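Since the model is a prediction, treat every value here as computed from it, not as a measurement. Atoms within each ligand, like the ligands themselves, are counted from 1 in listed order.
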Amino acid sequence: MSDDAIESVLQETRSFPPPEAFAAEAHISSEDQYQQMWERAKDDPEGFWGELATENLDWFKEYDSVLEGAMPDTKWFVGGKLNVTHNCLDRHLTNWRKNKAAIIWEGEPGDTRVLRYQDLHREVCRFANVLKQFDIGPGDRVTLYMPMIPELAIAMLACARIGAVHSIIFGGFSADAVAERNNDAQAKLVVTADAGWRRGKELPLKAAVDASLEKSPTVEKVVVVRRTGLEVEMVPDRDYWWDDLMATASTECEATPLDSEHPLFILYTSGSTGKPKGVLHTTAGYLLGTTMTSRWVFDLKEDDTYWCTADIGWITGHSYIVYGPLANGATTVMYEGAPNYPDEGRFWNIVEKFGVNIFYTAPTAIRAFIKWGDDWPGQADLSSLRLLGTVGEPINPEAWMWYHRVIGGERCPIVDTWWQTETGGIMISPLPGVTVTKPGSCTRPLPGVVPDIVTKDGKSLEDNKGGLLVMRQPWPSMLRTLHGDHDRFLETYFSEIPGAYFAGDGARRDEDGCYWVMGRVDDVLNVAGHRLSTMEIESALVSHQNVAEAAVVGFPHDLKGEGICCFVTTTDGGESEELKAELIAHVRQQIGAIATPDQIRFAAAVPKTRSGKIMRRLLRDIAAGREEVGDTTTLEDYSVLSKLREEEE
Ligand code: WTA
């Protein structure tokens, strides 16, 4: 950003008020109600959140104060004791909900399982006892590297039940990435599966864990769920089958009363430097945030069947497949596999089969649905749907319109929810019974969220001026630190704009108070809704013996939102298609399939500023084809241009 403001080019004038019938039944159903809640939360956050915490959570011991400290170091509900799983499970067992479906699960091959609240409670107690048997206690870290099967939800809840801290690693990450996260978290135990299903193929998870353990010595035990039947090696006294352990485990396990600020989980996310950041969330604030936002934004009702298509390996799955919905006593659908297996109609079959009412997915998925054609959703009965949501990246207005028309039958409100791993829960989003939506805008802040748009000097900008999106006030579900690196936490989120939280997005606010997020302003790519650090991919490339230097940038990609373009300078000048393929495989091995480069371009040199910074803007232009370059090996010539540009800045 050389200028004060970021230029915004998107002009969108269509708007959609909530259907009257929807508004009449919604938890938050009028503009006045929203305004009152928002003003109250802003002026009296302690009163606002304190009342919600008392009314909506079960406490073993009442807290002494709602909020202590100011950003960045805040503590919520100090003195209180509670347990997340008591709130997600036990309290539903005292009434008719005990027989309600908590999780409706479908595996990729088509097998299904329904866990009622009392089933889930029983399994969680069992696995909590297994963990205890392995000497896992409060504060110990447990890595979960698993497919989307019920055992993943059971394992995370079992950790929460005894105060162990789960660190879930998405199954698309490589063994090296698992080792790095195990080491950073100093994990004692890993739960995995033999393999998971993905497009009919077995994704070998246990084998990756085996490879990771050569580099992560803190891990003592491995528990393996039998999922696909793939043959795996079991190391005596280290590896145990889930089934064997569960068969003898007691179904009784009291929920441990934990401090409000007891750590609940670590979730690694990409930052603009190489090492992944271990975002740490704690007990009471996170639970309250996800409980309330699930109810407000998804308007969860007792008889709803709710489906969030995310993977639990990402924050969306943590907050809106597991913790938020279960705390509300809702029925949450979980699907193991790919959206196009065995064909492109899979998601719509699931909607029809379970009568899904609320459907929450990502723009990258919506763009894939559009590409696959209207026939697929057209063949299924989607009339059960009443509300649609999106998350993960800005949604392009045309994708929004398609979602509204083809999936929503022009009757379902769409909630475009802006939030982050760090925020724990949804921050800016329509309320489906209140907000007039506009395609491409995540609209207005939820109660308790006080955003601002500022220049890089922290000056508030007027409406319709693009700038940095910051939060002026703390909220209960915000991250508390980066595991083991509080300095990096302060530096990353609170040093840019003193006194405010900043996590790297550019945005503008329009004259109606609606926010339009324009994407990241740091060196983080958003590939298919997943945050990847350019630095991490660059260091993966440079670790290959033939690579002298690498620069990675994003470029617009039809399906993935952003694609990954790698400029590579080789050690010996050698360039070949074989080397390209080798480098792509190398990055996959180092980070995982999600980081697969879309383009490798050989360059004689990477253009840099005099201070040695890669000229990313120039490379982005080249990657996007915005500049005529022809053969990219002539990139060297651009160093002249880059020097000129540097003078201008
Ligand atoms: C982007 C996912 C525009 C944004 C929950 C943010 C969005 C990053 C939206 C967080 C949205 C997420 N509109 N951009 N509705 N939702 N983003 O941590 O850049 O995986 O900073 O959390 O995704 O990604 P994360």
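Of the listed options T423, I426, D416, V391, D416 places a heavy atom closest to atom 15 (N) of ligand 1.
For W372 and F347, the gap between ring centers reaches or exceeds 6.0 Å. Taking the centre of each ring, W348 and F359 come in below the 6.0 Å mark. Between F298 and Y320, the distance separating the two ring centers is shorter than 6.0 angstrom. Taking the six-membered ring where the residue is Trp, the centroids of F494 and F502 are separated by 6.0 Å or more. In this structure, the ring of W296 has its center no less than 6.0 angstrom from the ring center of Y34. Aromatic pair H318/W314: ring centres not closer than 6.0 Å.
For G504, the closest heavy-atom approach to ligand 1 does not fall below 4.0 Å. Within the 4.0 Å heavy-atom shell around ligand 1 one does not find W314.
Short contacts between ligand 1 and V517, defined as distances under 4.0 Å to a heavy atom of the residue, involve ligand atoms 3 (C), 14 (N). Close contacts between ligand 1 and T421 involve ligand atoms 18 (O), 20 (O), 22 (O), 25 (P) [criterion: under 4.0 Å to a heavy atom]. Taking every non-hydrogen atom of T417 and a distance limit under 4.0 Å, the qualifying atoms of ligand 1 come out as 9 (C), 11 (C), 15 (N), 16 (N). Shown in contact with N526 at under 4.0 Å from a heavy atom are these atoms of ligand 1, numbered in order with element: 1 (C), 23 (O). For ligand 1 and T316, the ligand atoms under 4.0 Å from any heavy atom of the residue are 5 (C).
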### Task
Give the intermediate values and the outcome of side chain to side chain donor-acceptor pair (under 3.5 Å) for residues Y145 and R181.
CA-CA 11 Å; Y145 181 61; R181 287 158 176 76; over 6 Å; no
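Counting only heavy atoms of the protein, atom 19 (O) of ligand 1 lies nearest to D505 OD1, 2.9 Å. In this structure, the protein non-hydrogen atom closest to atom 3 (C) of ligand 1 is P394 N, 3.1 Å. Looking only at protein heavy atoms, the nearest one to atom 24 (O) of ligand 1 is R531 CD, 3.1 Å. What sits closest to atom 1 (C) of ligand 1 on the protein, heavy atoms only, is G392 O, 3.3 Å.
No part of I395 comes within 4.0 Å of ligand 1, judged by heavy-atom distances. At a heavy-atom distance under 4.0 Å, only side-chain atoms of R520, from C-beta outward, approach ligand 1.
T309 and T361 form a side-chain donor-acceptor contact under 3.5 Å, judged by distance and modelled atom types alone.
Counting heavy atoms of neighbouring residues, nucleotides and ligands inside a 6.0 Å radius, atom CD of E491 does not exceed 12 of them.
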